[in-house]
Amino acid sequence: MRVLKSLLIVLALVLVALLGAEIPGGSILFGIVIPYVALFVFVIGFVGKVLGWAKSPVPFRIPTTCGQANSLPWIKQNKLDCPSTTAGVIGRMLLEVFTFRSLFRNTKAEIVDGPKLAYGSSKYLWLFSLMFHYAFLVILLRHLRLFTNPMPAFLAALEFGDGLLQVGAPVLYQSDIVFILALSFLFLRRVIMPQVRYISLVNDYFPLFLILGIGITGILMRYFIRVDVVNIKQLTVGLATFSPVIIGQIGSIFFVHIFLVSVLLAYFPYSKLMHAGGIFLSPTRNLANNSRMVRHINPWNDPNIKPHSYAGYEDEFREFMVDAGLPVEKELEPQPEAEQAPAES
Amino acid sequence: MLYDKVKIIPGLVVFIGLVTFPIWFNVISGKATPAPVPEKSLIAKECVEPTQFMRTSHMQLLNTWRDDIVRTGGTRKGTTANGTEYVRSLQKGCMKCHASKVKFCDTCHNYAAVKPYCWDCHIQPKEII
């Protein structure tokens, strides 16, 4: 049901773009106005979200400790999985951002004959999400060819490498295949594994279908239903130089593609996709585990409330504690009553 | 109140810089390739397929010609919808009318930043400038 709902939403979006681009002025709306609005929403939403997170104080160290913490000199510390220095944190973050190390630690739980509960390593999620993200990055960078004029030089090498197999004309990009393959896996994983299906919501399936829709329309445009690239580049470069024009035939599939991308951009900051920014602001990853070396003081402590040590507390209440029969660290000084009276006066 | 301003503000500046890359790159590079005006044929009145088809799909057409002729020994003869005969060949067909690679092929290819690998096998024609 949740799968179907997400699919229907994406299909409805496709239909909106298909029909909308046909009405007079529709090409301007879907080709120029909506992309600008979407980009604006994306940037403002992204920055706003990050600033919102930055406003939340993180007074104490809450890193996930995935290895041996810094301890006695003869106990070997796991410097990447339980870093106690900034350098260690940077190393941990770099590996997390570029190689998804926390997904690498993904495990599966199974009931085997016995019945016994068994945990095993499960690397598929890590592998396919790595494939998906890097293919997406390559595809994104490749698209700069349509938004820059002339294209930056480094992209020529990327394009050549991506089409290295020289299959067909226009050449087949390996990243397209990897992208669809990985996305299909990530979708099937949610549908086939009962535990994952149970916790999957519309906002899990919707981005999957949306991105799949973008991929499929892009692939259709490149290999099957050809569109006029020169006319499209005049529009896209126009978008980047704030002088967009729609000249000649473009093909309605292009409007579907760009509309789905616009929806993705506008949806991005308000969805789980925001993990792109959130990963950098995750206190469980970006804090050093140095609670035993540095005293972290809560910034919203009331300065009028002075620290009250246990020794001071006992000094204040020792008599009452002794009276109540509570154990004290320092006993009351045994003084004869006769001597006590003049001392107090 | 913002915490960790020293790290978050530069991070956001980098983010905005990356997202707006096409905008400022186009401003900096300045020397934009002009919108292409490929040279029209003076010899023939029609191409092998309608203009819009040729604009979008000429590479696929050339690819089918190559596969057909080089790999399965297909014919070199082609006929347009109006009955005009032509030679299915890049150099002896296409370039009979569109003689200049620079004035025809390159105009759009440079603009769209595509590098077809036609000339990996074919001998690139010498341009008369």
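All values below were derived from every heavy atom in this structure, side-chain atoms included, with hydrogens, water molecules and symmetry-related copies excluded. In this text the structure is predicted, and so the values were computed from the model without any measurement. By convention in this document, chain letters (A, B, ...) are assigned in the order of the sequence lines, proteins followed by strands, and residues within each chain are numbered from 1.
When heavy atoms are compared at a cutoff of 4.5 Å, L281(A) approaches chain B solely by way of its side chain, counted from C-beta outward. Heavy atoms closer than 4.5 Å to chain B are found nowhere in T236(A), neither backbone nor side chain. If you measure heavy-atom distances from R222(A) to chain B, the contacts under 4.5 Å come from the backbone alone. Contact of I23(B) with chain A is made through backbone and side chain together, with heavy-atom distances under 4.5 Å. Proximity to chain A is limited to the side chain of D120(B), based on heavy atoms less than 4.5 angstrom apart. Of the atoms belonging to F280(A), not a single heavy atom falls under 4.5 Å from chain B. Residue V171(A) touches chain B through its side chain alone, counting heavy-atom pairs closer than 4.5 Å. With a threshold of 4.5 angstrom between heavy atoms, L146(A) does not approach chain B through any atom at all.
Heavy-atom pairs under 4.5 Å with chain B were tallied for V229(A), V227(A), T241(A); the largest tally goes to V227(A).
Figure legend: cation-pi geometry between K55(A) and Y3(B) absent, as NZ or CZ is not positioned both under 6.0 Å from the six-membered ring centre and within 45° of its axis.
In F53(B), the CZ atom is crowded: over 12 heavy atoms of neighbouring residues, nucleotides or ligands sit closer than 6.0 Å.
Q52(B) meets the side-chain hydrogen bond (donor to acceptor under 3.5 Å, both in side chains) test with D228(A); sequence neighbours excluded.
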